[in-house]
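Heads up: the structure comes next, in structure tokens.
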Amino acid sequence: MTKDQILDIDRRHLWHPCTQQKDHELQPPIPIARGEGSWLVDVDGRRYIDGVSSWWVNLFGHNHPRLNRALQQQAERIAHHIFAGFTHEPAAELAQRLVALAPGNLNRVFLADNGSAAVEVALKMSFQYWQQSGRPDKIRFVSLTEAYHGETVGALSVGGCDLYRDIYRPMLLDTFQAQGPDCFRCPYGLSRDRCDAPCFEHLERLVAERHREIAAVIVEPLIQGAAGMRIYPPVYLRKLRQLCDTWQVHYIADEIAVGFGRTGKLFANEHAGVGPDLLCLSKGITGGYLPLSAVLATEDIYQAFYDDYATLRAFLHSHSYTGNPLACALAVEVQKIFAEEPILADLAPRTALLDAWAERFRQHPRVGEFRRCGLVAAVELVARQEGKIPFPWQERKGYAIYRRALEKGALLRPLGNVIYFMPALNIPLDTLDQLLDIAWQAMVEELGGA
Ligand SMILES: *Cc1c(COP(=O)(O)O)cnc(C)c1O
């Protein structure tokens, strides 16, 4: 097909995710022909730095030789088979590796095929655990304001981003929401590197009061991603672990975005030295090749389901593509790459480069904050620094910067007024520098004030 044919059919028949399709009148989707490391290449040969790891999934770049080979080798054996009553080597090896590496005492791996499904699994496991453990009143979930856990109805119910949720409110579960951390506009006037997370009081009070009804608390450890890469300190997670122990409530860690090295450690919980009762993983798990997710559970949770069939205590949840061997083979290869290549150690010069650019961004009169955790960095734009006054969302400053950056050869996908960078962990230093330079140029062109 020619480019025009692709675009014509796309316009007539496709419906893209998280998109007002009318925006395509202004900015048609870009047909991509191939990928090369940190670059996307379109059908005209134009190149774009993938500054957001293609929605946070790509870990080691596109068209990666080792991942390509792992995928091809598995495809020549079998692409997929039923995972109930059957198993396979890639799933076994993946489970063994994940259990060995995961924070805390997680010993069981349940597989699904996307992040939202993993969240649904974790919520259902926690719910059913209490039903089968003599605590049938523990049926409600607690999440934080501005949380994001996916788009399916259960996952959306524990979400806190009104943009994605408001219209569906009547169909959502009745959950508790606690005021979460807001380090950029800290109500206590503290800074995130030197605080003891007094904002934890909101969650603490809620759980202390309502623990009899609460099955689990679910959070995104260290970075609330979709909320605009809102970064908060590890002490919050230490307090959360303790709170959950005190009141017999599960801690569900949604590391779908932050897992697999994004924060500088393999898992974000490692920064706090704690482990959850249920851990949701996806996105980077296959290096950004195929959809796969995993929920890791403690042996204690698993045992509440283990009994004679007739007790009906089994976890009767499945997806058609559960345990997909292609995806598992890729996930195993991703773990081998982490084990054999100095991916995490080599983040240091990349984070140093981000920190150098941070100095420059912070001088700009429309930058309220430049924050970073691992290889995730975010620039929060403000209409006025004094009072941290945001731009009205209707002005779509982020979207305007997105379009300017595309012209210059970089894929940014700002979240409202937050421009962020979440490149592949092995992005070459000069490419990262170019990405930041393009973002800077796009920002200055749009907002002035260089
Ligand atoms: C992306 C994401 C999800 C949902 O994953 P999908 O695969 O998009 O369904 C859930 N939680 C977090 C923290 C995420 O970033």
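Numbering of ligands and ligand atoms starts at 1, following listing order. Below, each value reflects all heavy atoms present in this structure, side chains not excepted, and no hydrogens, waters or symmetry copies.
- A 4.5 Å side-chain heavy-atom check between Phe127 and Ile139 finds at least one atom pair inside the cut-off.
- Atoms of ligand 1 lying under 4.0 Å from at least one heavy atom of Ala257, given by number and element, are 15 (O).
- Between Arg371 and Glu380 there is a salt bridge, with a side-chain nitrogen of the basic residue lying less than 4.0 Å from a carboxylate oxygen of the acidic one.
- Residue-ligand proximity, His149 to ligand 1, at heavy-atom distances under 4.0 Å covers atoms 10 (C), 11 (N).
- Near Gly150, with a cut-off below 4.0 Å to any heavy atom, the atoms of ligand 1 are 4 (C), 10 (C).
- Contact atoms of ligand 1 toward Gly115: 4 (C), 5 (O), 6 (P), 7 (O), 9 (O) (distance under 4.0 Å to a heavy atom of the residue).
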- Show your working on ring pair (Phe, Tyr, Trp, His ring centres under 6.0 Å) between Phe315 and Tyr129 and close with a plain yes or no. CA-CA 10 Å; Phe315 187 55; Tyr129 171 92; over 10 Å; no
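- Between Lys283 and ligand 1, at least one pair of N/O atoms sits closer than 3.5 Å.
- Less than 4.0 angstrom separates some heavy atom of Glu220 from each of these atoms of ligand 1: 13 (C).
- For ligand 1 and Trp56, the ligand atoms under 4.0 Å from any heavy atom of the residue are 15 (O).
- Atom 6 (P) of ligand 1 is flagged as protein-proximal [any protein heavy atom, distance under 4.0 Å].
- Between the side chains of His319 and Asn114, no donor N or O sits under 3.5 Å from an acceptor N or O.
- Heavy atoms from other residues, nucleotides or ligands lying under 6.0 Å from CD of Glu201 number more than 12.
- Contact annotation for Tyr148 and ligand 1: heavy atoms of both the backbone and the side chain come within less than 4.0 Å of the ligand.
- For ligand 1, the atoms lying closer than 4.0 Å to a non-hydrogen atom of Ser116 are 4 (C), 5 (O), 6 (P), 9 (O).
- Counting non-hydrogen atoms of neighbouring residues, nucleotides and ligands closer than 6.0 angstrom, the CZ atom of Arg12 exceeds 12 such neighbours.
- The backbone N or O of Arg135 sits nowhere less than 3.5 Å from a side-chain atom of Gln131 that would complete a donor-acceptor pair.
- Residue contacts with ligand 1 for Ile256 involve side-chain atoms from C-beta outward but no N, CA, C or O (heavy atoms, distance under 4.0 Å).
- For ligand 1, the atoms lying closer than 4.0 Å to a non-hydrogen atom of Asp254 are 10 (C), 11 (N), 12 (C), 13 (C).
- Looking at Tyr289 and Asn68, their side chains do bring a donor and an acceptor atom within 3.5 Å of each other.
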